[in-house]
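I have placed the structure first, in the form of structure tokens, so that the comments after it can refer back to it.
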Amino acid sequence: MMEKAQIAAVLDEIALLLELNDENPFKIRAYSSGARILENLTEDLDELIRTGRLSEIPGMGEALVDKITTLRQTGTLPFHQKLRATIPAGLFEVMQIQGLGPKKVRALWKQLGVEDLTKLKEVCESGAVAELKGFGEKTQTKILEGIKNRVAYAKRHRWVDAAKIAEPILAGLRALPQVKHAESAGSMRRSRETVGDLDFIVASSEPAPIMAWFVAYPGVKEVTAHGETKSSVRFENGLQADLRVVPEEQFFFALHHFTGSKEHNVAMRHRALARGLSMSEWGFKAVDENQTAPGAKDEAAVFAALGLPWIPPELREGLGEIEASEAQALPKLLELSDLKGAFHNHTTASDGEHTLEEMAAAADKVGWEYLGISDHSKSSFQAHGLDEGRLLQQMEAIAKLNASKKFKVRILTGSEVDILRDGTLDYADDLLGRLDFVVASVHTLFNLDSEAQTARIIRAIESEHVDMVGHVTGRLLNRREPYAVDLTKIIDAAAANETIIELNSNPWRLDMDWRWWRRAAEKGVLCSINPDAHHQDHLDFVQHGVRMARKGWLTKDQVFNTRSLAEVLRWLGRA
DNA sequence: GCCGTTTTCGGCCCGACTGTTTTCAGTCG
């Protein structure tokens with residue numbers, strides 16, 4: 001028995017092995033695309049296999065369904081094992097080096113006996129690589145650089161970290177006199193939780209000075225490409241940035257193209273061809289040379305030419321957005337201005353950096369109607385969790401503060417109560433019942449197996465006093481994997497018990513992952529965009545939660561904290 | 001390997017840049 005993510009990893013590995021064997025590129029693509037489909041699948045895999053519906057998914061043919069079924073049921077695949085035996089395992093790492101693809105790696109392997117990074121370094125240093133046909137001095141030097149920096153180069157960066165670098169560059173580009181339009185594209189524009197590299201698209205008839213400005217930008221550590229219309233640079237932290245300058249009339253095609261995703265673009269091109277148009281970053285070209293092809297004066301026109309309403313970048317992941325657009329069924333996505341308050345915030349009573357009053361002042365500044373305070377419970381002693389006495393004191397302090405009318409915002413009493421090992425809660429029911437709201441979270445025993453972890457969280461969800469479940473998988477981007485938990489079952493339990501699932505907006509967490517929200521919302525589960533603030537400034541984190549909710553196709557109605565104070569109190573049973 | 005109101009075979013998205021070449025292959029997105 002193998003999990004979806006592991007099966008996807010095997011398919012990706014098969015694709016890589018096939019590449020090294022110089023196989024048909026389209027066969028390779030079929031395996032990679034199969035891996036992407038699996039990763040984005042939120043339905044129950046066993047169910048899909050049992051009912052035969054797996055093969056109905058476009059891109060899932062007979063061979064893939066067979067192999068996925070075998071992997072799911074036996075945990076291993078003879079085809080994969082056989083393929084693996086033909087290729088040294090060390091070549092996987094060699095393939096990761098910038099500038100090395102299957103052809104070059106194969107040449108290094110067959111002609112110089114390179115089977116891992118150690119040997120690769122050796123043959124580069126000896127000068128043997130430069131002697132190979134198709135290689136030279138520069139390639140050899142670049143490979144050595146690539147080996148040295150491979151960890152930094154391969155890393156994906158949190159969206160916030162990438163945005164910090166991207167924003168001043170974008171502002172700088174827009175300030176150049178030659179620049180007509182400038183936008184950031186790629187996964188940054190699609191609001192992915194992590195960003196691989198930055199893509200800037202600029203409209204101008206005079207690219208040379210823009211290119212010169214870009215490659216000389218402060219903080220650029222290395223210029224990896226410097227052409228007439230395309231340049232690439234790398235920053236100290238390993239983040240790469242690409243700049244493309246195009247004529248104004250092609251700008252919105254280029255912007256669309258480099259926003260991606262790859263899967264979205266493939267589907268768009270497919271659709272274009274069905275309408276007699278070939279589509280690229282340069283625009284449309286009529287397949288029939290006697291026909292003229294439409295241009296685009298904005299991005300909406302690119303979609304309109306294919307009979308589609310504009311699709312927000314966050315949705316362009318090839319997960320049905322084109323079909324929804326065609327059916328005029330795109331969601332009206334949540335916006336930051338829809339939020340009327342927020343739950344799950346900490347104060348100095350536990351591990352927050354600001355007092356109750358300071359947090360209230362910060363909420364007034366944002367203009368919220370309510371702010372839910374939920375400090376840690378007593379088991380989280382590392383975070384100064386509150387015992388029953390201190391919690392009662394805090395409730396009193398909040399009542400006084402609300403009565404004083406010192407702040408416009410209404411403070412709600414709450415707790416981020418620990419879910420204990422067996423799924424019971426860290427406070428007794430009568431105390432929980434006196435709070436305005438309760439967030440239940442796991443802070444211990446991350447290594448339980450999926451069954452135990454899931455059962456533990458579901459027991460908390462079933463408690464009549466728990467209003468929401470906090471950071472449901474515990475992941476920290478680039479730092480800690482999510483704990484093993486069956487989100488399908490969690491979502492079903494949340495739906496059955498009318499428990500809200502939090503979208504924790506701390507930029508390290510962004511948990512629950514955006515890929516699950518459509519399913520959750522379809523089942524009727526409400527989302528709460530929670531800042532999990534430990535500092536006044538952290539109330540701003542909700543912007544990241546909103547970005548993720550948009551990626552999850554959520555509308556205003558599906559998000560709890562878009563409701564007014566009166567509605568929220570009624571839902572919580574406090575009015 | 002996938003797919004088909006043009007096809008069950010023969011297509012499958014397209015272009016820039018680099019480094020190695022003397023006209024283009026490989027890589028990347």
Side-chain angles (χ1 to χ4, degrees), chain A residues 11 14-15 18-37 54-68 79 83 95-108 129-143 146 153 185-188 190 195-201 207 211 215 223-234 240-246 250 253-254 256-274 276-285 287-288 318:
Chain A
L11 296 185
I14 291 174
L18 292 174
E19 271 196 298
L20 286 166
N21 274 343
D22 212 9
E23 268 277 4
N24 177 353
F26 298 103
K27 186 171 172 175
I28 294 161
R29 186 197 291 172
Y31 277 99
S32 317
S33 113
R36 296 294 79 71
I37 293 170
L54 189 58
S55 63
E56 289 170 19
I57 299 173
M60 283 287 170
E62 204 180 331
L64 276 174
V65 169
D66 258 10
K67 292 187 169 81
I68 290 169
F79 172 72
L83 210 49
M95 276 284 284
Q96 303 302 316
I97 302 296
Q98 282 279 320
L100 288 185
K103 297 285 181 349
K104 285 211 158 81
V105 170
R106 206 179 150 79
L108 290 164
V129 171
E131 304 296 314
L132 281 186
K133 191 170 187 299
F135 291 73
E137 285 290 340
K138 285 198 172 174
T139 309
Q140 187 170 271
T141 313
K142 281 211 151 173
I143 293 174
Y153 288 4
S187 49
M188 165 126 265
R190 295 202 315 281
V195 171
D197 54 23
L198 302 178
D199 294 284
F200 297 103
I201 313 297
M211 288 293 163
V215 299
V223 178
T224 50
H226 186 178
E228 277 176 50
T229 64
K230 188 200 150 180
S231 293
S232 293
V233 300
R234 201 181 281 285
Q240 182 171 309
D242 297 342
L243 170 66
R244 290 175 177 81
V245 181
V246 300
Q250 276 138 21
F253 289 102
H256 174 268
H257 174 87
F258 289 107
T259 296
S261 65
K262 211 185 291 171
E263 291 77 10
H264 171 87
N265 287 352
V266 167
M268 286 285 280
R269 290 204 170 114
H270 216 77
R271 193 177 168 86
L273 281 175
L277 295 170
S278 149
M279 184 181 182
S280 78
E281 65 259 50
W282 295 106
F284 291 119
K285 215 162 49 192
V287 176
D288 175 351

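Side chains included, hydrogens not; waters and symmetry mates left out as well; all remaining heavy atoms used. Keep in mind the model is a prediction, meaning the values are calculated, not measured.
Here B:dT27 presents its P atom at 15 Å from NZ of A:Lys262, a figure rounded to the nearest Å. The nearest whole Å value for the distance from the CG atom in A:Asn21 to the P atom in B:dG1 is 13 Å. To the nearest angstrom, C1' of B:dT27 lies 14 Å from CG of A:Leu20. Distance CG (A:Asp199) to P (B:dA16): 16 Å, rounded to an integer number of Å. One atom, CZ of A:Arg29, and another, P of B:dG29, lie 16 Å apart when rounded to the nearest Å. Going from atom CD1 of A:Ile68 over to atom C1' of B:dG1 covers 12 Å, rounded to whole Å. The interatomic distance linking A:Lys27 (NZ) with B:dC3 (C1') rounds to 16 Å, in whole Å. In this structure, A:Leu11 places its CG atom 11 Å from P of B:dC2, rounding to the nearest Å.
The side chain of A:Ser278 places an N or O atom within less than 4.0 Å of a non-bridging phosphate oxygen (OP1 or OP2) of B:dC14.
Of the residues listed (A:Trp282, A:Phe284, A:Phe258), the one engaging A:Phe253 in a ring pair (Phe, Tyr, Trp, His ring centres under 6.0 Å) is A:Phe284, and it is the only one.
Side-chain contact between A:Lys104 and A:Thr139 is present, with heavy atoms from C-beta onward closer than 4.5 Å. Counting only heavy atoms from C-beta outward, the side chains of A:Leu54 and A:Leu64 never approach each other to under 4.5 Å. Side chains of A:Glu131 and A:Gln140 form no contact here, defined as non-hydrogen atoms less than 4.5 Å apart. A:His226 is listed as a side-chain neighbour of A:Met211, based on a closest heavy-atom distance under 4.5 Å.
Nucleotides B:dG15 and B:dG10 place their C1' atoms 24 Å apart, quoted to the nearest Å. On the C1' atoms, B:dT7 is 14 Å away from B:dC2, given to the nearest whole Å. Distance noted for atom P between B:dT20 and B:dC14: 30 Å (whole Å).
Contact record, A:Met279 with A:Ala272: CB-CB, 3.9 Å, taken as the closest heavy-atom pair. For A:Ala185 against A:Ile201, the heavy-atom pair with the smallest separation is CB-CG1, 3.9 Å. In this structure, A:Ala107 and A:Leu132 approach most closely via the heavy-atom pair O-CD1, 4.3 Å.
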Exercise for review: Any chance you could lay out the side-chain contact (heavy atoms from CB on, under 4.5 Å) test for A:Arg244 and A:Asp199, step after step, and finish with the verdict?
Suggested key: CA-CA 8 Å; A:Arg244 290 175 177 81; A:Asp199 294 284; 3.7 Å; yes

At a cut-off of 3.5 Å, list every protein nitrogen or oxygen paired with a nitrogen or oxygen from nucleotides 4-9 of chain B, distance to 0.1 Å.
none

So which protein nitrogen or oxygen atoms get under 3.5 Å of nucleotides 17-23 of chain B's nitrogens or oxygens?
unit_1	atom_1	unit_2	atom_2	d
B:dC17	OP1	A:Glu228	N	3.4
B:dC17	OP1	A:Thr229	N	2.9
B:dC17	OP1	A:Thr229	OG1	3.0
B:dC17	OP1	A:Lys230	N	2.6
B:dT18	OP1	A:His226	N	2.6
B:dG19	O3'	A:Thr139	OG1	3.2
B:dT20	OP1	A:Gly136	N	2.6
B:dT20	OP1	A:Gly136	O	3.1
B:dT20	OP1	A:Glu137	N	3.4
B:dT20	OP1	A:Thr139	N	3.4
B:dT20	OP1	A:Thr139	OG1	2.9

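A donor N or O paired with an acceptor N or O is found under 3.5 Å between the base of B:dG1 and the side-chain atoms of A:Asn24.
Taking every side-chain heavy atom of A:Ser280 into account, B:dC14 is the closest of B:dT27, B:dC14, B:dA16.
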